[in-house]
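As structure tokens, the structure follows; a few thoughts come after it.
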Amino acid sequence: MLKALMRKQFSETVSFMFMSGKAGKRRSVGGMIGYGFLMLYVLACFGFIFFASAGALCKPLVSTGLDWLYFALMGIMATAMGVIGSVFTTQSKLYEAKDNELLLSMPIPSRLILLSRLLGLFGQALVFELLVLLPAAAVYIVNFGMGLSQIIIYILICLLLPLFTLGLSCILGWLTVLASSRMRNKSLVSMILSIGFLCLYFYAYSKINTYLQLILVNSEAVGATVKKALYPLYQMGMAAAGSWASLLIFAALVLVFFALIYLLLSVSFIRIATGKRGAAKIKYSEKPMKRSSQGAALLKKEALRFWSSPTYMMNCSLGSIMMLIGTVVLVVKLDDFRPILAQIPALDAALPLLAAGAIALIGSMNVVTAPSISLEGKTLWLTQSLPVSGWQVLKSKLTLHMLITAVPAFVCMLVLAVVLKVDPVSTLLLLVFSVIYVLLCAALGLMINLKLPNLNWTNETVAVKQSASVIVAMLANWGIAFLLIIGYIFLGDKLSQGLFLLLCTLLSAAASALALLWLKKRGQKILAHL
């Protein structure tokens with residue numbers, strides 16, 4: 001029974017690579033190879049980042065006899081990476097899985113359902129942590145070498161540490177569910193918590209060089225703090241340095257911690273999985289029913305779908321948040337940038353275009369339309385049964401993307417134009433370009449989702465984060481932005497900034513018109529036959 005449950009968990013996790021979401025059929029060999037290379041590329045990028053961090057710490061610490069501190073610090077990084085990468089997946093796949101009640105209605109012991117989910121999450125945490133632990137071991141081996149005994153210990157550590165991370169993720173995931181379920185709009189609360197985690201991560205990453213220098217300068221004090229406050233990771237570091245006794249202590253601490261988490265979950269899993277936690281109650285008050293047009297009703301439906309899903313909001317509208325934050329930072333820190341820009345006159349002169357390019361790149365991260373067809377899932381027939389045309393349905397999805405992305409882009413571009421003292425004509429061109437570029441990205445994402453829909457998902461995370469349409473749409477958006485940047489590199493010295501911006505606006509408008517025409521003619525026919 002456990003084997004069957006594990007096979008189900010594994011199939012759901014990797015289905016986006018092997019199965020077509022449109023028809024539930026197996027992808028071609030070329031498609032699977034392409035996905036494989038894409039995943040390897042992403043993993044390699046993260047691995048390189050941690051390889052560089054390990055390279056900065058290894059020699060100074062190990063040379064002073066602090067081998068254990070080096071491994072403990074890399075263990076802290078691995079734990080942080082695992083928790084950040086797993087906590088919200090733990091929330092959705094353990095506490096809020098859509099098939100919890102279905103599985104519990106079958107003659108399957110609840111402890112096996114829980115164990116299969118935890119083992120699946122363990123595998124995910126292991127992947128995240130190996131992105132840190134493998135580069136750490138590689139740097140150590142290249143510089144100092146590892147004996148057979150130390151290698152065996154390190155392998156065991158790699159298998160034990162994800163259990164510690166998984167336990168922390170279960171606790172944080174439960175706290176997130178508890179906090180959000182008590183709020184009226186729990187999706188918004190979940191999104192705020194997600195953004196908080198992400199901001200914390202990016203802040204820590206931006207300060208990583210400072211932290212590394214502080215660690216190297218105050219290595220003895222840092223070691224004492226780790227030994228006192230993070231005792232399990234201290235024992236992990238001592239074990240990785242070659243101590244079998246420390247490995248036994250670390251293993252005992254981790255296994256006892258995880259056993260307690262599993263015991264608590266197994267006792268209350270049925271209540272957690274099926275319980276309807278009380279949220280803030282809304283008092284009903286009688287109001288007259290309001291009529292709305294077909295377009296307004298469809299847009300409201302799309303907006304409610306968007307606001308009801310923290311996964312959808314977090315993964316498909318992050319660009320809007322980053323645009324607003326980036327604009328505020330630039331306005332506040334502009335005086336600090338002025339001396340640098342004054343030393344590079346060409347860069348200072350091109351600042352308006354650079355701002356436009358930055359907003360285009362960040363706005364490209366918003367892929368609201370890319371999973372919008374996929375998210376209809378098994379209920380797609382409801383939209384198709386309404387007395388509305390396919391174009392009206394598609395237009396409502398485009399409108400939602402524009403409201404979420406074009407409005408912040410317009411506001412940010414206007415603020416930047418005022419702060420940078422751009423002339424009125426160039427300001428108008430920048431504003432028009434920002435809106436048209438967002439429209440192009442929205443139409444392109446919808447086109448891609450119509451050609452690569454995933455309608456057979458069991459967890460919306462698959463449709464939003466792991467579907468082909470989202471990945472392809474984001475890469476295509478970035479590709480267009482980079483083409484415009486490359487165009488400026490080759491044409492910047494031949495055309496004025498105003499003429500180049502006008503050319504980019506006209507090209508984007510032409511591409512947008514063609515994309516909208518395709519959606520109106522061909523797109524609604526594809527939608528009708530999905």
Side-chain angles (χ1 to χ4, degrees), residues 47 50-51 53-84 86 118-119 121-123 125-171 211-212 214-263:
F50 292 110
F51 185 86
S53 299
L57 289 172
C58 186
K59 280 187 178 180
L61 292 177
V62 178
S63 299
T64 56
L66 294 173
D67 305 48
W68 72 268
L69 182 56
Y70 166 72
F71 287 115
L73 292 173
M74 298 311 295
I76 293 172
M77 291 185 191
T79 302
M81 183 71 178
V83 169
I84 291 171
S86 303
L118 288 176
L119 289 175
L121 293 169
F122 169 83
L126 177 63
V127 171
F128 280 115
E129 295 196 348
L130 287 179
L131 293 176
V132 182
L133 296 177
L134 290 182
V139 170
Y140 187 87
I141 291 172
V142 168
N143 288 282
F144 300 98
M146 266 191 184
L148 178 61
S149 175
Q150 196 173 1
I151 291 175
I152 294 173
I153 291 175
Y154 200 81
I155 292 173
L156 294 174
I157 288 173
C158 290
L159 296 175
L160 287 169
L161 189 58
L163 292 176
F164 178 67
T165 300
L166 181 55
L168 294 176
S169 297
C170 288
I171 295 172
Y211 295 151
L212 292 178
L214 288 174
I215 289 170
L216 294 177
V217 172
N218 305 285
S219 56
E220 294 291 342
V222 171
T225 302
V226 171
K227 183 176 180 180
K228 183 178 180 180
L230 301 170
Y231 185 73
L233 293 174
Y234 161 70
Q235 292 294 344
M236 188 217 83
M238 293 292 293
S243 172
W244 281 93
S246 293
L247 176 65
L248 293 176
I249 296 173
F250 175 67
L253 292 172
V254 168
L255 292 174
V256 169
F257 174 67
F258 183 75
L260 289 174
I261 296 295
Y262 177 75
L263 180 62

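- Note that OG1 of T79 is 12.0 Å distant from CG of L166, once rounded to the nearest 0.5 Å.
- A 4.5 Å side-chain heavy-atom check between V254 and M236 finds every atom pair outside the cut-off.
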Side-chain donor-acceptor pairs of residues 126-138 under 3.5 Å, sequence neighbours excluded:
from, atom 1, to, atom 2, distance (Å)
E129, OE2, T165, OG1, 2.0

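- Between L253 and P232, the closest heavy-atom pair is CD1-CA, 4.0 Å.
- Side-chain contact between L57 and L69: absent, with no pair of heavy atoms (C-beta onward) separated by less than 4.5 Å.
- In this structure, the side chains of L160 and F258 stay at 4.5 Å or more apart for every pair of heavy atoms.
- Heavy atoms only, all atoms of each residue included: I157 and P162 are closest at O-CD, 4.3 Å.
- In this structure, the separation between SG on C58 and CG on N143 is 5.0 Å, given to the nearest 0.5 Å.
- Side-chain contact check for L168 versus F257: some heavy-atom pair is nearer than 4.5 Å.
- For the atom pair OH of Y154 and CG of L247, the computed distance is 13.0 Å after rounding to the nearest 0.5 Å.
- Nearest heavy-atom pair across M74 and F50 is CE-O, 4.1 Å.
- Residues V139 and Y70 have side chains in contact (heavy-atom distance under 4.5 Å, counting atoms from C-beta outward).
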**Request:** Would you please test F71 and Y140 for ring pair (Phe, Tyr, Trp, His ring centres under 6.0 Å) and show each step?
**Result:** CA-CA 9 Å; F71 287 115; Y140 187 87; 4.9 Å; yes
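- Qualifying side-chain contact (heavy atoms from CB on, under 4.5 Å) partners for S246, counting only residues two or more places apart in sequence or in other chains: Q235, M238, A239, S243.
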